[in-house]
Number of protein chains: 2
Amino acid sequence: MVRTNESSASTLDTELRRGALVLAVLSHLRTAQYGYSLRQALTEQGMPIEEGTLYPLLRRLEAQGLLASDWRIEDGPPRRYYKLNSKGTRLLADLTANWQALVVTMNRLLK
Amino acid sequence: MVRTNESSASTLDTELRRGALVLAVLSHLRTAQYGYSLRQALTEQGMPIEEGTLYPLLRRLEAQGLLASDWRIEDGPPRRYYKLNSKGTRLLADLTANWQALVVTMNRLLK
DNA sequence: ACATTATACATAGTGGAACACAGTATGTCA
DNA sequence: TGACATACTGTGTTCCACTATGTATAATGT
C-alpha cells in the first residue's frame, strides 16, 4: 500500500511534530529511561512515537554527545537506559527557550 | 564545506521550526503574496526562511492542491503570486488546531 | 512442554524536505 | 556602465521519520 495523497494533512501534521519530538524526548530524559518505557510515557502524554523512530533518535542523540546510556539487567530482558548528560541538559534549556520563542512567533502569525 | 557537528543546537533548532514553517507560510497566504515579499514579511515577524527553502515549499504546496498561483506584471520584474484556495484554507484551519494541541502537549511535557 | 503474547532493541530501505550553492534575469540608481 | 537589489529556478548533499522486518528474552496460558 502506497501512501495516498488524498489528505496532505496527516503528512504535514507529522512534519509539525517532527521537531517537537526531539524536545519531548530530551525533556523526559532528565531522569533515566529506557526506550520502551519512554515510548509508553510519551504516548500517554499525547506524543505517540514509533519504535522505528524512537530508537534511531536515541542513538543519534547519543552520537551527538547529548545522552549517556548503559545496559541494565533487572527483572525482565536487558534494557538500555538513557539519560541527559551535561551537554544534553544545556541543549534542553536552549531548545526549550527556542520552542517558547517559536510559540510566541506563531501566535502572532496565526491571529 | 561539510556541515560540521560542533553544535547540534542549530540543527535541532532548524528541525524545531521545520513544521511550523509550513503553517507560517499558509497563514500568510490568506491574502495573495509573491515569494520574495512573503520571505521579507516572515523574516520581519521572526520566522526567517531561505530562498532555497521557501520557493520549493511554495511549489510543493501548490502541487498538493493547496495554493493557486498566477504571474503578474506590474512595475518591476514579473512576480508569481500565491494564495490559499479552498482546500488550503481548510488545511490551514486543521493544522492550526493541531498546532495548538501540540503546544498544549509540549507545555505539559516541559514543566 | 509448548505456543502465544508482551517486552525490548535494532536496522535496512524509501522518500520527503531544508539547505548551500549556483545560475538566470530584470529593475534601479549613481 | 557598474553595482546592487529584486525575483525566481535548479542541483547536490545531508538529515530524518516511517515502514517493515528481524532478533531475543520474559510472562502467560493451556
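Just so it is clear: chains get the letters A, B, ... in the order the sequence lines come, proteins before strands, and each one is counted from 1. Since the structure is predicted, the reported quantities are computational estimates derived from the model, not experimental observations.
Interatomic distance, Leu66(A) CG to Leu92(A) CG, rounded to the nearest 0.5 Å: 10.0 Å. Summarising the geometry, atom CE belonging to Met106(A) is positioned 10.5 Å from atom CD belonging to Gln45(B); distances are rounded to the nearest 0.5 Å. Here the NZ-CG distance, from Lys83(B) to Leu67(B), works out to 10.5 Å after rounding to the nearest 0.5 Å.
Within the 4.0 angstrom heavy-atom criterion, only backbone atoms of the sugar-phosphate kind lie near Gly35(A); the bases stay farther away. Residue contacts shown for Gly52(A) include a base, since a base heavy atom lies under 4.0 Å away. Residue-level contact check: Pro56(B) touches neither bases nor backbone, having no heavy atom under 4.0 Å from any strand.
The CH2-P distance, from Trp71(B) to dA7(D), rounds to 11 Å in whole Å. Note: CG (Leu57(B)) to P (dC8(D)) measures 14 Å, nearest angstrom. Atom CG in Leu42(A) sits about 13 Å away from atom P in dA17(D), given to the nearest Å. Atoms CZ (Arg79(A)) and P (dT7(C)) sit 10 Å apart, rounded to a whole Å. One can place CD1 of Ile49(B) at 13 Å from P of dC8(D), the figure rounded to the nearest angstrom. The nearest whole Å value for the distance from the CG atom in Leu16(B) to the P atom in dC19(C) is 13 Å. Atom OH of Tyr55(B) and atom P of dC21(C) are 19 Å apart (whole Å). In this entry the distance linking OH of Tyr81(B) with C1' of dA7(D) reads 11 Å, nearest Å.
Under the 4.5 Å side-chain criterion, counting only non-hydrogen atoms from C-beta, Leu16(B) is not in contact with Val22(A).
With dA17(C), dT9(D), dA17(D) as the candidates, the nucleotide lying closest to the side chain of Glu15(A) is dA17(C). The nucleotide whose nearest atom lies closest to any side-chain atom of Tyr82(A) is, among dT7(C), dA10(C), dC16(D), dA10(C). Closest to the side chain of Glu50(B), out of dC9(C), dA20(C), dA18(C), is dA20(C).
Both Pro77(A) and Arg18(B) sit near DNA chain D, but only Arg18(B) has its closest nucleotide nearer the 5' end. Heavy-atom distances to DNA chain C give each of Pro78(A) and Thr53(A) a nearest nucleotide, and the one nearer the 5′ end belongs to Pro78(A). Along DNA chain C, the nucleotide closest to Leu54(B) and the one closest to Asp75(A) are compared, and the more 5′ of them pairs with Asp75(A).
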Next on the checklist: Let's go through Arg18(B) and Glu15(B) carefully: what are the C-alpha distance in whole Å and the side-chain angles of both, what is the deciding distance for salt bridge (Lys or Arg N to Asp or Glu O under 4.0 Å) to 0.1 Å, and is it a yes or a no?
Outcome noted: CA-CA 5 Å; Arg18(B) 179 175 172 152; Glu15(B) 290 293 316; 3.6 Å; yes
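Using a 4.0 Å cut-off, no side-chain N or O of Arg39(A) falls inside it from OP1 or OP2 of dA8(C). When the side-chain nitrogen and oxygen atoms of Arg60(A) are compared with OP1 and OP2 of dC16(D), one or more of them lie within a distance under 4.0 Å. Residue Tyr36(B) has no polar side-chain atom (N or O) positioned under 4.0 Å from OP1 or OP2 of dC8(D). Residue Arg80(A) places no side-chain N or O under 4.0 Å from the OP1 or OP2 atom of dA8(C).
When each of Leu58(A), Thr53(A), Leu84(A) is paired with Val25(A), the side chain to side chain contact (heavy atoms under 4.5 Å, CB included) condition holds for Leu58(A) and for no other.
For a distance-only test at 3.5 Å, the side chain of Glu51(B) qualifies as a donor-acceptor partner of the base of dC8(D).
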